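Please read the structure below before turning to the comments.
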Amino acid sequence: MPFKNKFIQQRIEKSETLRKEGFNPYSNDSHRNCTIKKFLNVNSDIAEMEEKRDENRNYIVSGRIKLLRIMGKASFVKIEDESGTLQIYVARDNLAEGFYNDVFKKNIEVGDIIEISGYPFVTGQGELSLHADNLKMLTKAISPLPEKFHGVTDKEIRYRKRYLDLIMNSEVRKTFQTRSKVISLTRRFFEDKGFLEVETPMMHPIAGGANAKPFVTHHNALGINRFLRIAPELYLKRLIVGGFEAVFEINRNFRNEGMDATHNPEFTSIEFYWAYKTYKDLIKITKEYFEYLFEHLNLPTLLPYGDLKINFDNFVEIPLIESLTTIGGVPAEITSDKEKIVAYLNSKNVTVKPGLNLGQLQGELFDEFVEEKLIDPTFITEYPVEISPLARRSDANPEITERFELFIAGREIANAFSELNDPVDQLSRFEGQMDAKDAGDDEAHEMDLDFIEALSYGMAPTAGQGIGIDRLVMLLTNEHSIRDVLLFPAMKPIINEEHNQEEEN
RNA sequence: GUCUUGUUAGCUCAGCUGGUAGAGCACGUCACUUUUAAUGAUGUGGCCGAUGGUUCGAAUCCAUCACAGGACACCA
């Protein structure tokens, strides 16, 4: 039952009173001619004037009331629009007869969205303000705003009711403005390099391009299941086969897995594919990309992140096997022996699933002993072929691939490789994944014969990369939960007990 | 999925070893024409997350459930 709360009832009554007195509580007759930011900029000279005011100027601003200080025959009102906050001085004798006492003081309150006209002046306390000569209700808020000083801090309310979070916490708006800029800069960076932005299906007949569990949905017309995509990779590579030489896609992926500070079931990535290039070129363009972002976002290259300082002038490059010993402290003599790795992991109280192959075990060592130590940007290269089913083998050593993952602050930010374009090898890799699936690995890559056929027509040598946008934004905004960089993070629904019982009947 | 902590007024939070629910802000009323979380006076406001149990008596103890935060596991 909505609106049963007594505060809401009170406010609805005020809204009705306004209507009766001829003031539409939901007027759209708005005449704003100045944002708050502009008002503050344009009138910054008022402070130097002898009178501290200029009654010849007039502005109409609007915004939500954030603070209200009523002092008898005059009041101060803080309003906020998207651009900033402004103090309004409202005095009884400057408004229409009776308006101040009968309308303003009784029916206008914190949370309402109003429009005010008046002239700029500077108060005795030195604050540039607007001296109101007219005030109009634009939107009555019937729910009271959270407490003015503490705001909302309850994370559950902040995520479930993001609008309240955005009203109360201006720094949250900044985070999402930065997110928007990152995406826009990313798009511009790749477009300027000659990449073509494309859109590939979100609903896949086979969920490929990554090792992950998909969401399933049903297409009634065809009577078949579809999978929400876990990655766009195989479709983007089909476009390279088709003759596009540089493509990228910025969009959502969906993975049916756990949720925590760095995982949301839907997340945003950019994937880009670049013909006639190798993963070495990707390392170069990745460094350029970060330089570009830092320059346009005005960020220091010694970036604070929580207690860390991340040095973005210090990109490190190291092969995976080497990192195990030099960074992870794993004895070099065990890193290519399955039994010794298992014994070593067990000795460190790490339990491993039985039947893992050498590459998977090396991956375990990396995840366990190296990943969290990679603070400055680090390209880990030369991944084992067993855990890289879509990457090209190294010519020098067919057991490893021409691949890297970029780690920053202990987290994977990007995954990239020279693409496997040998259709026969790709087929046998998929078959290897099928064996892993039969052995119980439910995240092994699916067989995609249509993709194999595409490769069989010839895909130019290509390098491709994916970057997790959410985690990147976390780094750049100094946020430590993915929920703080998603406007509407995934939350469990709140079960309404009454409603539930009805459904069961 | 496991462990752990939390859930009390619209918001931010108190509430000790069980004894009939508290503050600040907000809101109502009154005073106040330059305040800065305005101030002073006064009042209203609660199924103490849900359901069971123990008890003469439960916000408080126990169990189950729901949701959230954190950690771990899996993964990007």
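Predicted model only: the values in this text are computed from it and were never measured. Per chain, numbering begins at 1; letters A, B, ... match sequence-line order.
Separation of the C1' atoms belonging to B:G45 and B:A63 is 33 Å when rounded to the nearest angstrom. Of the P atoms belonging to B:A58 and B:A21, the separation is 12 Å, rounded to the nearest Å. A distance of about 37 Å separates the C1' atoms of B:U20 and B:A31, rounded to the whole Å. Nucleotides B:A68 and B:G24 have their P atoms positioned 33 Å apart, rounded to a whole Å. Taking the C1' atom of each, B:U8 and B:U60 are spaced 11 Å apart, rounded to whole Å. Rounded to whole Å, the C1' atom of B:U4 lies 46 Å from the corresponding atom of B:U42. To the nearest whole angstrom, the two C1' atoms, one in B:C16 and one in B:A50, are 26 Å apart. Here, B:G53 and B:A59 have their P atoms 15 Å apart, quoted to the whole Å.
What separates CZ of A:R158 from C1' of B:C11 is a distance of 14 Å, to the nearest Å. One interatomic measurement links the two molecules: CG of A:D165 to C1' of B:U12, which rounds to 15 Å at whole-angstrom precision. One can place CD1 of A:I12 at 17 Å from P of B:C27, the figure rounded to the nearest angstrom. Taking atom CZ of A:F3 as the reference point, atom P of B:G10 lies 16 Å away to the nearest angstrom. Rounded to whole Å, the distance from NZ on A:K105 to P on B:A31 is 7 Å. At whole-Å resolution of the value, CD1 in A:I157 and P in B:C67 are 17 Å apart. If you take CG of A:L128 and P of B:U34, they are 19 Å apart, rounded to a whole angstrom. The nearest whole Å value for the distance from the CD atom in A:E13 to the C1' atom in B:C27 is 12 Å.
The CG atom of A:L135 sits 5.0 Å away from the CD1 atom of A:I108 when rounded to the nearest 0.5 Å. The CD atom of A:E249 sits 14.0 Å away from the CZ atom of A:F195 when rounded to the nearest 0.5 Å. With rounding to the nearest 0.5 Å, the separation of CG in A:L130 from CD in A:Q87 is 10.5 Å. Within the model, atoms CG of A:L166 and CZ of A:R173 stand 7.0 Å from one another, a figure rounded to the nearest 0.5 Å.
Partners of A:E382 under the side-chain contact (heavy atoms from CB on, under 4.5 Å) rule, at least two apart in sequence or in another chain, are A:P319, A:I400. Shown here are the salt bridge (charged side-chain N to carboxylate O under 4.0 Å, His left out) partners of A:E479, two or more places apart in sequence or in another chain: there are none. Residues passing the salt bridge (charged side-chain N to carboxylate O under 4.0 Å, His left out) test with A:E372: none are found, sequence neighbours excluded. Listed by chain and residue number, A:F379 satisfy the ring pair (Phe, Tyr, Trp, His ring centres under 6.0 Å) test with A:F404 (two or more places apart in sequence, or in another chain). Every side-chain contact (heavy atoms from CB on, under 4.5 Å) that A:I250 has, sequence neighbours left out, goes to A:I183, A:T186, A:R187, A:F248, A:T268, A:I270. By the salt bridge (charged side-chain N to carboxylate O under 4.0 Å, His left out) test, A:E127 is found to be paired with A:K78, residues two or more places apart in sequence or in another chain being considered. Qualifying salt bridge (charged side-chain N to carboxylate O under 4.0 Å, His left out) partners for A:R392, counting only residues two or more places apart in sequence or in other chains: A:D395, A:E402. For the side-chain hydrogen bond (donor to acceptor under 3.5 Å, both in side chains) test, residues two or more places apart in sequence or in another chain that qualify with A:D45 are A:R57.
Heavy atoms of A:G468 sit nowhere under 4.0 angstrom from any nucleic acid atom. Within the 4.0 angstrom heavy-atom criterion, only backbone atoms of the sugar-phosphate kind lie near A:R160; the bases stay farther away. Heavy atoms of A:D154 sit under 4.0 angstrom from primed sugar atoms or phosphate atoms, though from no base atom. Residue-level contact check: A:K78 touches the bases, meaning some heavy atom is under 4.0 Å from a base atom. Using a 4.0 Å heavy-atom cutoff across all strands shown, A:G466 reaches no nucleic acid atom at all. In this structure, A:N94 reaches neither bases nor backbone, as no heavy-atom distance under 4.0 Å exists between it and the strands shown. In this structure, A:M168 reaches neither bases nor backbone, as no heavy-atom distance under 4.0 Å exists between it and the strands shown.
Checked against B:A68, B:C11, B:A37, the side chain of A:F149 finds its nearest nucleotide in B:A37. Which of B:U34, B:U36, B:G10 sits closest to the side chain of A:E127 comes down to B:U36. Of the candidates B:U33, B:U34, B:G28, the closest approach to any side-chain atom of A:D93 belongs to B:U33.
RNA chain B lies under 4.0 Å from at least one heavy atom of each of the following residues of residues 400-414 of chain A: A:E412.
At a cut-off of 3.5 angstrom, the base of B:U35 holds no donor-acceptor pair with the side chain of A:Y89. You won't find any donor-acceptor pair under 3.5 Å spanning the side chain of A:Q125 and the base of B:U35, going by distance alone. A donor-acceptor contact under 3.5 Å is not formed by the side chain of A:T153 with the base of B:U12.
Sequence order on RNA chain B of the closest nucleotides to A:E368 and A:S129 puts A:S129 first from the 5' end. Each of A:D470 and A:K155 was matched to the nucleotide of RNA chain B holding its nearest heavy atom; the match closer to the 5' end belongs to A:K155.
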Self-check item: Under 4.0 Å protein heavy-atom contacts per nucleotide of nucleotides 38-44 of chain B, with B for base, S for backbone only and - for none
Solution: B-----B
Practice problem: Using a 4.0 Å heavy-atom cut-off, write out nucleotides 1-8 of chain B from 5' to 3' as B (base contacted by protein), S (sugar-phosphate only) or - (no contact). | Solution: --------
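Distances shorter than 4.0 Å separate some side-chain N or O of A:R483 from OP1 or OP2 on B:G69.
Seen from the ring of A:F488, A:R162 does not count as a face-on cation partner, given the 6.0 Å and 45° thresholds.
Taking the six-membered ring for Trp and the full ring otherwise, A:Y279 and A:F417 have centroids separated by 6.0 Å or more. A:Y289 and A:F272 have their aromatic ring centers separated by at least 6.0 angstrom. Taking the six-membered ring wherever Trp is involved, the centroid distance between the rings of A:F99 and A:F23 falls below 6.0 Å. With ring centers used as reference points, A:H131 lies under 6.0 Å from A:Y89.
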Quiz item: Based on Watson-Crick and G-U pairs with both distances under 3.5 Å, what dot-bracket line describes RNA chain B 5' to 3', crossing pairs as [ ] and inter-strand pairs as |?
Solution: (((((((..((((.....[..)))).(((((.......))))).....(((((..]....))))))))))))....
